[in-house]
Amino acid sequence: MISLHQTLSKHVTAALNRAFPEAAAKANAAGFPLDPQLVYASKPEFGDFQINGALPLAKPLRKAPRQIATSIVEELNNNQDFRNLCEAPDIAGPGFINLTLRSQCLITEIETRLKDVRLGVELVQASKSGEPPAPVVIDFSSPNIAKEMHVGHLRSTIIGDSLARILEFRGHPVIRLNHVGDWGTQFGMLITHLKQVAPEALTTANVVDLGDLVTFYRQAKKRFDEDKDFQMSSRKEVVKLQSGDLTALKAWKLLCEQSRREFQKIYDRLDINLTERGESFYNAYLQSIITDLERLGLLVVDEGANCVFLEGITGKDGNPQPMIVQKKDGGFNYATTDLAALRYRFKKPPEGDGACRLIYVTDAGQANHFAGVFQIAKRAQWVPEGGRIEHVPFGLVQGEDGKKLKTRAGDTVRLRDLLDEAIMKASADLRRRLKEEGREETEDFITNVSNVIGIAAVKYADLSQNRVTNYQFNFERMLALQGNTAPYLLYALVRIAGIARKGGSFNIHTNGLQFNEPQEWCLVRELLKFDNVISEVEEELLPNRLCNYLFELSQTFNRFYDQMPILKAPEQKRCNRLALCELTANTLKLGMTLLGIPTLERM
RNA sequence: GCGCCUGUAGCUCAGCGGAUUAGAGCAUCUGACUACGGAUCAGAGGGUCGGGAGUUCGAAUCUCUCCAGGCGCGCCA
């Protein structure tokens with residue numbers, strides 16, 4: 001209903017200006033035009049929209065708020081276009097104006113939406129000069145090479161993917177970047193270890209399976225910590241790698257490829273698309289970051305390291321906090337890489353991505369780091385006019401004890417084990433239910449449904465919570481069939497699919513719909529909120545808002561389903577109700593798709 | 001010590017400066033035509049929104065302060 005809101009907003013603003021021409025002229029001259037504060041109604045009993053703007057005008061106009069509201073309403077009543085959309089406005093409480101849309105207006109919206117695959121969500125506009133919108137870079141997932149993906153990556157991956165899907169659906173060209181940790185000092189020990197454990201890997205073409213890379217990593221780390229000679233060789237290996245030594249490079253590539261294959265398995269299971277562009281990609285740009293910072297006069301040598309001192313951020317000693325961009329040994333660190341990446345992403349092609357918005361989906365612990373990086377980028381003027389940079393932080397994944405999620409043995413939980421367990425539990429649950437209900441299903445069916453429910457539950461549990469807070473991981477809760485969970489939403493869709501199966505396809509006419517029951521109108525109003533929710537998530541980058549909406553829509557639908565006969569209703573009512581079923585299914589399906597969650601016809 | 005984040009019902013959490021009564025879900029209790037999939041629906045109880053002050057016509061929401069917890073804080077990422 002965004003377009004309706006916009007139309008109404010014009011009428012209401014005009015009415016406000018006509019009601020108080022002098023105040024309006026003054027306000028316009030001051031650059032703060034009068035704002036009627038037209039918002040969606042906070043409660044259904046207040047109608048569809050409410051105008052809150054009368055209250056703050058009381059003081060400047062020296063009039064009672066209700067009197068101001070009355071004047072606005074008089075002007076609105078004089079406008080035929082407005083009256084075609086809304087019932088007579090209501091003045092309520094201290095001076096709120098409640099607007100209720102005419103039934104026909106809502107019905108037209110529903111009819112339009114039934115024919116619209118975008119469900120009322122508009123595509124972003126091309127610029128005035130006709131250029132397509134600039135890309136949005138979303139940096140998410142970003143595991144480290146030679147390490148196992150763990151739950152920490154889960155949130156970044158799931159949240160980042162959902163945000164990407166939503167922005168893509170709005171028509172933004174989205175660059176989904178996997179900023180993998182594929183460079184750095186840890187490769188010294190990995191390469192040294194590889195050379196000693198599997199030297200043939202470097203001479204034979206791509207036939208060596210390194211096996212479990214995590215074990216490999218641990219072995220290398222252990223030797224690095226215990227063996228002085230090994231340490232020495234490792235340091236030399238880093239230098240070799242960075243200076244382009246062919247053997248070192250080959251070993252590095254081998255390790256990356258092996259890792260990549262492992263990551264891909266997870267991404268396939270989660271249905272995640274990513275473009276890998278690791279830290280190493282920016283190597284060629286690191287030196288120029290230093291040179292540019294120096295040229296701009298931002299660089300300070302402190303204790304032998306090249307630093308930029310941050311404004312407004314103090315360190316332990318109370319002095320401005322430095323951000324090191326080049327270590328005293330001449331090496332670069334992640335701040336340098338992040339700056340190079342940021343600059344590259346904003347730069348126009350062919351020197352960069354030409355992005356207008358950068359979104360970093362990483363844990364909240366990196367907030368300070370990004371604040372520093374963003375500050376330097378702004379001071380160096382690497383952020384173009386109108387360019388947005390946002391850190392999208394999220395909290396820790398905790399176990400039921402409220403502490404960081406660990407296995408019983410105290411190790412970090414591997415992502416694949418976690419997914420396996422979710423699917424296993426979903427499968428056990430399904431089999432138990434089939435037995436109870438005396439249903440027979442094929443193994444294929446059971447496997448597929450368990451997979452979908454397991455993955456959906458894990459994703460939804462994560463997405464449905466405000467990402468800023470820590471998140472308590474709990475299989476029982478996320479797989480529960482009731483409550484704000486994936487299975488509950490999936491079930492609503494299954495019910496509608498059941499109706500479609502029994503009543504033939506929906507295939508209904510979408511003109512001349514009529515609704516009479518409150519349950520129908522509730523569902524109508526809920527359905528029409530969809531586009532607004534999407535635009536909210538696009539702006540606030542909080543997928544839990546979409547989850548909340550889908551849950552409320554499911555609840556509203558279940559209420560409707562419970563209280564209204566559909567297939568058994570008389571012909572006319574049946575058509576009207578089937579139309580609502582169809583639009584509900586379309587909305588739930590699209591919403592779930594935008595969360596990255598698959599749906600089912602039967603479960 | 002400094003910085004960032006969090007504190008809302010027994011538990012897990014929503015809450016976008018707006019409405020006498022601050023919302024869900026779980027758990028607890030009470031109900032629902034043999035039902036288009038009851039994996040649902042209707043209802044009940046349960047709260048000093050961490051404490052205090054301020055801004056505002058109006059504050060869970062903004063500001064300050066204190067308390068509690070989490071995370072981070074110079075050459076790892």
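A note on names: the letters A, B, ... follow the listed sequences, proteins ahead of strands, and every chain is numbered from 1.
Between Tyr334(A) and His369(A), the ring-plane angle classifies as parallel under the 30° and 60° cut-offs. Note: Phe230(A) and Phe224(A) have perpendicular aromatic rings, judged against thresholds of 30 and 60 degrees for the angle between ring planes.
Using a 4.0 Å heavy-atom criterion, one finds that Pro322(A) contacts the bases of the nucleic acid, with or without backbone contacts as well. Counting any heavy atom pair closer than 4.0 Å across all strands shown, Val494(A) reaches a base atom. Contact annotation for Asn333(A): backbone-only contact, meaning every heavy-atom pair under 4.0 Å involves sugar-phosphate atoms and none involves a base. Among the atoms of the strands shown, base atoms are found under 4.0 Å from some heavy atom of Met603(A). Counting any heavy atom pair closer than 4.0 Å across all strands shown, Pro65(A) reaches no nucleic acid atom. Using a 4.0 Å heavy-atom distance criterion, Gln555(A) is classed as a sugar-phosphate-only contact. Nucleic acid contact for Tyr488(A): sugar-phosphate only, since backbone atoms but no base atoms lie under 4.0 Å from a heavy atom of the residue. Heavy atoms of Lys328(A) sit under 4.0 angstrom from at least one base atom.
For His391(A) and Thr362(A), the side-chain atoms include at least one donor-acceptor pair closer than 3.5 Å.
Each of Asn144(A) and Pro94(A) lies near RNA chain B, and the nucleotide nearest Pro94(A) is the one positioned closer to the 5' end. If Arg545(A) and Gly365(A) are placed on RNA chain B by their nearest nucleotide, the residue sitting closer to the 5' end is Arg545(A).
With a cut-off of 3.5 Å on both Watson-Crick or G-U wobble distances, the partner of C36(B) is given as none. Pair assignment for A44(B): U28(B), on the basis of Watson-Crick or G-U wobble contacts that are both within less than 3.5 Å. When both pairing distances are held under 3.5 Å, C4(B) makes a Watson-Crick or G-U pair with G70(B). Base pairing annotation: C62(B) forms a Watson-Crick or G-U wobble pair with G54(B), both donor-acceptor distances under 3.5 Å. Pair assignment for U20(B): none, as no Watson-Crick or G-U wobble contacts are both less than 3.5 Å. Base-pair partner of C76(B): not found among the strands shown (Watson-Crick or G-U wobble, both distances under 3.5 Å).
Glu540(A) places its CD atom 18 Å from the P atom of U61(B), with the value rounded to the nearest Å.
Rounded to whole Å, the C1' atom of G72(B) lies 29 Å from the corresponding atom of C11(B). Rounded to a whole angstrom, the distance from the C1' atom of U65(B) to that of U55(B) is 15 Å. A59(B) and G17(B) have their C1' atoms separated by 7 Å, with the value rounded to a whole Å.
In this model, the phosphate group of C2(B) is not approached by any side-chain N or O of Asn319(A) to a distance below 4.0 Å at OP1 or OP2. Between Arg559(A) and A42(B) there is a side-chain N or O to OP1 or OP2 distance below 4.0 Å. In this model, the phosphate group of U56(B) is not approached by any side-chain N or O of Lys59(A) to a distance below 4.0 Å at OP1 or OP2.
Taking only side-chain atoms of Ala367(A), from C-beta outward, the nucleotide of C4(B), C36(B), A39(B) with the closest atom is C4(B). For Leu55(A), the listed nucleotide lying nearest its side chain is G18(B); candidates were A19(B), A77(B), G18(B).
Remark: ring of Tyr491(A) does not overlap the six-membered base ring of G37(B) in a stacked fashion, as centroids less than 5.5 Å apart with planes less than 30° apart are not both met.
Taking the ring centre of Phe263(A) as origin, the terminal cationic atom of Arg260(A) falls outside the region bounded by 6.0 Å and 45° from the ring axis.
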**Request:** Apply ring-ring contact (aromatic ring centres under 6.0 Å, His included) to the pair Tyr360(A) and Phe374(A), showing each step before the final yes or no.
**Result:** CA-CA 11 Å; Tyr360(A) 294 81; Phe374(A) 295 168; 5.6 Å; yes

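With hydrogens and angles left out, the side chain of Asp302(A) and the base of G74(B) share a donor-acceptor pair within 3.5 Å. Side-chain N/O atoms of Asn98(A) and base N/O atoms of A19(B) include a donor-acceptor pair closer than 3.5 Å.
The main-chain N or O of His5(A) is never found under 3.5 Å from a side-chain atom of Tyr40(A) such that the two would form a donor-acceptor pair.
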